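Below is one structure, written out as structure tokens; comments come after it.
Heads up: numbering here begins at 1 and tracks the sequence. All values reported here derive from a predicted model rather than from experimental measurement.
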Amino acid sequence: MPSEETRRVLKVFGVAVTNLEDAIDRHAPVPEIMKWDAEVADRTREVLSLVDRLRSRRIG
């Protein structure tokens, strides 16, 4: 069963991606789009870090 950390990381990643997509679709000002783009990049690094931690727990 996924941990609370996994759930949180995936949730905030999804929110960031959705916010970026929404900003792009509504032709928001470039600074807003760039803000969400940076947020997606930060959250992507967080997801990758989580995956690395999970991989390190594998047996074998």
With sequence neighbours left out, which residue pairs that include part of residues 33-43 fulfil the salt bridge (charged side-chain N to carboxylate O under 4.0 Å, His left out) condition? Glu39-Arg43, Asp42-Arg45, Arg43-Glu46
Paired with Arg7, the side-chain contact (heavy atoms from CB on, under 4.5 Å) test is passed by just one of Glu5, Glu4, Lys11, namely Glu4
Looking only at non-hydrogen atoms, find the nearest pair between Leu20 and Trp36 and report the distance. CA-CB, 3.7 Å
Considering only NZ, NE, NH1 and NH2 on the basic side and carboxylate oxygens on the acidic side, decide whether Glu32 and Arg26 come within less than 4.0 Å. yes
To the closest 0.5 Å, what do you measure between CG (Leu50) and CZ (Phe13)? 12.0 Å
Spell out, yes or no, whether Leu54 and Val12 are grouped together once hydrophobic residues are joined by side-chain heavy atoms under 4.5 Å, including indirect joins. no
Quick check: is Ile24 connected to Val17 through a chain of hydrophobic side chains (ILVMFWY, heavy atoms under 4.5 Å apart)? yes
Would you please name every residue forming a side-chain hydrogen bond (donor to acceptor under 3.5 Å, both in side chains) with Ser3, sequence neighbours left out? Thr6
